[in-house]
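Scroll down for the structure; my scribbles are underneath it.
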Amino acid sequence: LMLGDLDAAWALSEEATALAAAEPVGMLHSFIGVWRSMTAFARGDLGEARAAAEAILASGERLNHPVTVAHARSLLG
């Protein structure tokens, strides 16, 4: 998570999320979402961490991608 710089990590996750928004939902969104969720958790923003993990789960189920679903479920506990 950016070598401990959580503010920089969050800013990059915001930028990545915005850039990916123009693309069809796919693995890119899942990758960004996992890191976004972990960064939010590390920052203490549990609501955002959960929202990101739930979005990953939804996209993983839409894509029928077991690894994405597993990552999301592990983040959700």
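- The minimum heavy-atom distance linking Ile56 with Val34 is given by the pair CD1-N, 3.2 Å.
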Mind listing the side-chain donor-acceptor pairs of residues 63-72 below 3.5 Å, one per line with the distance, residues two or more places apart or on another chain?
residue, atom, partner, partner atom, Å
His65, ND1, Thr68, N, 3.2
His65, ND1, Thr68, OG1, 2.9
His71, ND1, Val67, O, 2.9

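- With sequence neighbours left out, Leu28 forms a side chain to side chain contact (heavy atoms under 4.5 Å, CB included) with Ala20, Ile32.
- Pairs of residues two or more places apart, or lying in two chains, that qualify as salt bridge (Lys or Arg N to Asp or Glu O under 4.0 Å) and include a residue from residues 35-47 are Glu14-Arg36, Arg36-Glu48.
- Residue pairs meeting the salt bridge (Lys or Arg N to Asp or Glu O under 4.0 Å) criterion with at least one partner in residues 18-27, sequence neighbours excluded, do not occur; the list is empty.
- Under a hydrophobic clustering in which Ile, Leu, Val, Met, Phe, Trp and Tyr are joined whenever their side-chain heavy atoms come within less than 4.5 Å, directly or via other members, Leu57 and Met38 fall into different clusters.
- Remark: Glu54 pairs with Arg50 by the side-chain hydrogen bond (donor to acceptor under 3.5 Å, both in side chains) rule, at least two apart or across chains.
- Take Glu15 and apply the side-chain hydrogen bond (donor to acceptor under 3.5 Å, both in side chains) test, not counting sequence neighbours, and it matches no residue.
- Considering only residues two or more places apart in sequence or on other chains, Arg73 meets the salt bridge (Lys or Arg N to Asp or Glu O under 4.0 Å) condition with Glu61.
- For Ser37, there are no side-chain hydrogen bond (donor to acceptor under 3.5 Å, both in side chains) partners, not counting sequence neighbours.
- Here the shortest heavy-atom pairing between Phe41 and Ala49 reads N-CB, 3.7 Å.
- Hydrophobic cluster membership for Leu19: none, as no Ile, Leu, Val, Met, Phe, Trp or Tyr side chain comes under 4.5 Å of it.
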